[in-house]
Amino acid sequence: MRIDVVSLFPDFIDQAAAVGVVGRARERGLLTMQGWNPRDYAEGNYRRVDDRPFGGGPGMVMLIEPLRAALAAARAADPAPVRVIYMSPQGRPLTQAKVRELAALPRLLLLCGRYEGVDERFLQAEIDEELSIGDYVLSGGELAAAVVVDAVARLQDGALGDAESAVQDSFEGDGLLDCPHYTRPVEHDMGRVPDVLLSGNHAEIAKWRRQQSLVRTLERRPDLIDETALGKADRRLLAAWRAEQGG
Ligand SMILES: NC(=O)c1ccc(N[C@@H]2CC[C@@H](O)C2)nc1
């Protein structure tokens, strides 16, 4: 997968995507990235990339032309079709389902704004979709873009050592929250590892983990689960847990 990032701080993303799973995916050629700085395409000796907003008000707005030139250069760098995404609080919320959709594409281009944002005419003309990583305002789109890069990179085939671990994550596969995880030591002043995980009984371990995911999702994020839509096995696991709780 190729990801181009249009940003006034292209190195920012590069550093955020240089370590861990994403860094390894890039080393393995599973993901290639390139940054494009609109300032490199800005005219005049001040190389302006922003200007004052029509209608007044605080702050500055990013100019169309430097963005248009940077986007054109990025498009031309590779023949593959590209999905152009603008990161902003006005975008649709990023979900794991959307991440899976994006991870399957050959190319993404992430547009990162600064200041008060981008001239609306550019967005209307050039953007395929606008995405938000959450209902809060950041000083630039770069951190939001880095989130998209991380989420799609880890889903590239071969990115995670054990492909399984991508499936067990929260929101993976069935949209439930992840179960708890434990490692050595078995005994600790903070508590003991649940016996089922020490049993070697993989069927029981899988059931316990599923039950934990169901219970945690119901307790912490009931908005993510529709109990009436659960299968018989899941309903049985919940009933058993409630019985144990004396519920
Ligand atoms: N929640 C988000 O995904 C998000 C994205 C971008 C952002 N800030 C940039 C700065 C100016 C404008 O381009 C938007 N804030 C929040």
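Worth knowing before you read on, the calculation uses all heavy atoms, side chains too, and leaves out hydrogens, waters and symmetry mates. Both ligands and their constituent atoms are indexed starting at 1 by order of listing.
Using a distance-only test at 3.5 Å, with no hydrogens or angles considered, a donor-acceptor pair links the side chain of R216 to the main chain of D178. Remark: side-chain polar atoms of D50 are not paired, donor with acceptor, to backbone N or O of V61 under 3.5 angstrom.
For the pairing with D4, the side-chain hydrogen bond (donor to acceptor under 3.5 Å, both in side chains) check across R75, R107, Q34 returns one residue only, R107.
The pair E27-R24 fails the salt-bridge criterion, with no side-chain N (NZ, NE, NH1 or NH2) lying under 4.0 Å from an Asp/Glu carboxylate O. Taking a cutoff of 4.0 Å between a charged side-chain nitrogen and a carboxylate oxygen, R192 and D195 qualify as a salt bridge. Remark: R235 does not engage E227 in a salt bridge, criterion side-chain N to carboxylate O under 4.0 Å.
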Note down each nitrogen or oxygen pair, ligand 1 side and protein side, whose separation is under 3.5 Å; give only atom names and the distance to 0.1 Å.
residue  : atom   : partner : partner atom : Å
ligand 1 : 1 (N)  : S132    : OG           : 3.3
ligand 1 : 1 (N)  : G134    : O            : 2.8
ligand 1 : 1 (N)  : Y136    : O            : 3.2
ligand 1 : 3 (O)  : I133    : N            : 2.8
ligand 1 : 8 (N)  : L138    : O            : 3.0
ligand 1 : 13 (O) : Y86     : OH           : 2.7
ligand 1 : 15 (N) : L138    : N            : 2.9

